[in-house]
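See structure below.
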2 protein chains.
Amino acid sequence: MIRNQVVDPLFSQCPVRNVLSRIGDRWSLLVLLALHDKAEAMRFSEIGKAIPDVSQKMLTATLRNLEADDLVSRTIFPEVPPRVEYKLTKRGLTLIPLLNQLVDWSLENMGAIIRHRKKYAM
Amino acid sequence: MIRNQVVDPLFSQCPVRNVLSRIGDRWSLLVLLALHDKAEAMRFSEIGKAIPDVSQKMLTATLRNLEADDLVSRTIFPEVPPRVEYKLTKRGLTLIPLLNQLVDWSLENMGAIIRHRKKYAM
DNA sequence: CGGGATCCATTTAGATACTG
DNA sequence: CAGTATCTAAATGGATCCCG
């Protein structure tokens, strides 16, 4: 089979892999879903509370990446104390249905998968 | 907002995160798509060729994880030289449409995302 | 052929302290 | 409040050698 080396996700340099690796990382999916759940802008610390085990450093890095990818917008209010609000961009919003499908699939399958893992481990 | 601590993907111990982290790793998605592309059983070395930059070690580890999760089946043929075939399970097949949607989304958005990243980097 | 085992380099993540 | 900087620990990935 001849593959298109630009768009084929199996090709090593493929941008699709680049894009998917971002949402596939440990925190991005959770941040996007938290923002969508809330349905309005959230502050840094608010997102941190919604995801109890994310470190400050990783939350910062994740938000920067999502911002760079135009999935989340960041607005700084020049006040004292400073306030920064995050919300989904239009593009970020288009990704939500897909993420929800993944969550649904996980919910439907996780029981069987975890049982299978245990059986497999023995 | 009160969250269900068993099924909520934002809860730190949530199995959904556990399940998604598997398909979100570097190689699992590619292996699943390769197996689906081929539409029949594939041998170890054949999968390796379809994903040029995966190391033997990581391919082995990825296949073991997918097998433990009941997404890929592994059949050993007791021949000389030995032959081992991998194929999607029923459960693995149910995941394919979702993965394809993610690929499609990436194809539609990657151009804009990469442009946005460059602008953001300056 | 299809791995397992080992060693090593790289990457990633967390804890802590500090700052505008 | 919302980060940055630094150090360290842990996970990941690759190269190599070996074996049934």
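Just so it is clear: chains get the letters A, B, ... in the order the sequence lines come, proteins before strands, and each one is counted from 1.
Within 6.0 Å of atom CZ in R64(B), more than 12 heavy atoms from other residues, nucleotides or ligands are found, so the atom counts as buried in its surroundings.
Taking atom CG of residue L63(B) and atom P of nucleotide dG3(C), one finds them 7 Å apart after rounding to whole Å. Atom CZ of F44(B) and atom C1' of dG20(D) are 16 Å apart (whole Å). If you measure from atom CZ of R22(A) to atom P of dT11(C), you get 15 Å, rounded to the nearest angstrom. In this entry the distance linking CD1 of I76(B) with C1' of dG4(C) reads 13 Å, nearest Å. Distance, E67(B) CD to dG3(C) C1': 13 Å, rounded to whole Å. Atom P of nucleotide dA15(D) and atom CG of L59(B) are separated by 14 Å, given to the nearest angstrom. Per the geometry, CZ belonging to R64(A) stands 11 Å off P belonging to dA5(D), to the nearest Å.
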Derivation of the side-chain contact (heavy atoms from CB on, under 4.5 Å) call for L30(A) and V54(A): CA-CA 10 Å; L30(A) 301 182; V54(A) 66; over 6 Å; no

Take R91(A) and N109(B) through the side-chain contact (heavy atoms from CB on, under 4.5 Å) test and state the conclusion after the steps. CA-CA 8 Å; R91(A) 189 185 309 282; N109(B) 289 277; 2.7 Å; yes

Can T60(B) and F44(B) be said to form a side-chain contact (heavy atoms from CB on, under 4.5 Å), step by step? CA-CA 8 Å; T60(B) 301; F44(B) 183 87; 3.5 Å; yes

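A close approach under 4.0 Å does not occur between any side-chain nitrogen or oxygen of R83(A) and OP1 or OP2 of dA2(D). Here R74(B) does not reach the OP1 or OP2 of dG2(C): none of its side-chain N or O atoms lies under 4.0 Å away. Distances shown here put every side-chain N or O of Y86(A) at or beyond 4.0 Å from the OP1 or OP2 atom of dC1(D).
Distance alone, capped at 3.5 Å, is enough to place a donor-acceptor pair between the T89(B) side chain and the D70(B) backbone.
With respect to E85(B) and K87(B), no salt bridge is recorded, no charged nitrogen being found less than 4.0 Å from a carboxylate O.
P82(B) is not listed as a side-chain neighbour of I76(B), based on a closest heavy-atom distance of 4.5 Å or more.
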Under-3.5 Å N/O pairs linking protein and nucleotides 12-15 of chain C:
residue	atom	partner	partner atom	Å
dA13(C)	N7	K57(A)	NZ	3.4
dG14(C)	OP1	R26(A)	NH1	3.2
dG14(C)	N7	K57(A)	NZ	3.4
dG14(C)	O6	K57(A)	NZ	2.4

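The residue Q56(A) sits close to a base: some heavy atom pair falls under 4.0 Å. Residue contacts for F77(B): at a heavy-atom cut-off of 4.0 Å it reaches no nucleic acid atom on any strand shown.
Both P82(A) and T60(A) lie close to DNA chain D; mapped to their nearest nucleotides by heavy-atom distance, the more 5′-ward contact belongs to P82(A).
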